[in-house]
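We use all heavy atoms of the structure for the numbers below, so side chains are in, but hydrogens, waters and symmetry mates are not. Note on naming: letters A, B, ... go to the chains in the order of the sequence lines (proteins, then strands), and numbering restarts at 1 for each one.
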Amino acid sequence: MEPVSLHRTVELEISVDSLWALVADPARLGEWLGDDVRFDISPDGLEPGAAGVVVDDGITRFVHVDRVAPGRALGFTWWEADGGASRVELEVVEQAGGGSRLEITETLAETSTATMSAGSADAAAAEAQLRWEVRVGALWACTVVAALVR
Amino acid sequence: MNRAPSPTSTVLDDLFGALADPTRRALFTRLLHDGPQTATVLAADRALSRQAVVKHLQALAASGLASSERVGREVRYVATPERLTAVVAWLVESSGQWDRRIERLLGRVGAMPEAQIDAPHQQRGTVGPE
């Protein structure tokens, strides 16, 4: 079965550079992505491998950045401590008539979809794998939070 | 103009596509209410061949809405609405969360100094379907 994904497009009257700053500058990203957004970052900004925590609408998600295409795209996986994981891709595109466009795609992780189909022989294994990943991820994100708080 | 068109999902097309056919919908509802049934029993109720019923059940199964189980010499079909329920719940919840994030983003863009805005028009911080 194909993956479950959600797609949104936002057209803006700002340059792609201005929009990219709102996506790739953790402080600016934090102004709209969630109520409380923290990233463990290098002085160069967001890079693949960067970890963070996003609290939005009372939901805490651990974040792992896996793709940074400067000026174009930011990709990350995020997950709740006891919930499913999903991957988010934020793409910055120049508009033909001026301005820019933000393409948002959130895709539910395969393992999360697998647990949704009842009677699947792989579901239990997939769930066990996901739980393991989440536990490891949560431990690692807690370390990040501790580092950030300190 | 800053705008955010409504969300799209191919998976919903897939799930609802499978349920768009009245016969498939009737078979899915019957399985939901009456529990597992064989294609023979399901075909007996309608003016359809057993083969036609099996084809519809396989279409439901391909979308994750039904599955088959072998009981002795019979193959029984079972409704599996969990994926539909979970997918719809996830899409509705995530969609609402992105609405709020986009609203905040539009607010940020609207608050930017003029120099950072390329177009000379007034910023419009509206969110909604196209």
Original post:
Within 45° of the six-membered ring axis of A:Trp32 and under 6.0 Å from that ring's centre, is NZ or CZ of B:Arg101 located there?
Top reply: no
Original post:
Can you tell me how far NE2 of B:His56 sits from CG of B:Leu27, rounded to the nearest 0.5 angstrom?
Top reply: 7.0 Å
**OP:** Please flag which part of A:Leu22 lies under 4.5 Å from any non-hydrogen atom of chain B: side chain, backbone, both or neither.
**Re:** side chain
Original post:
If you count heavy-atom pairs under 4.5 Å with chain B, which of A:Asp57, A:Leu29, A:Leu102 comes out on top?
Top reply: A:Asp57
Original post:
Side chains of A:Ile59 and A:Glu80: closer than 4.5 Å at any heavy-atom pair?
Top reply: yes
**OP:** Identify which part of A:Val23 has an atom lying under 4.5 Å from any heavy atom of chain B, answering side chain, backbone, both or neither.
**Re:** neither
Original post:
Looking at A:Glu31 and B:Arg108, does any basic side-chain N land under 4.0 Å from a carboxylate oxygen?
Top reply: yes
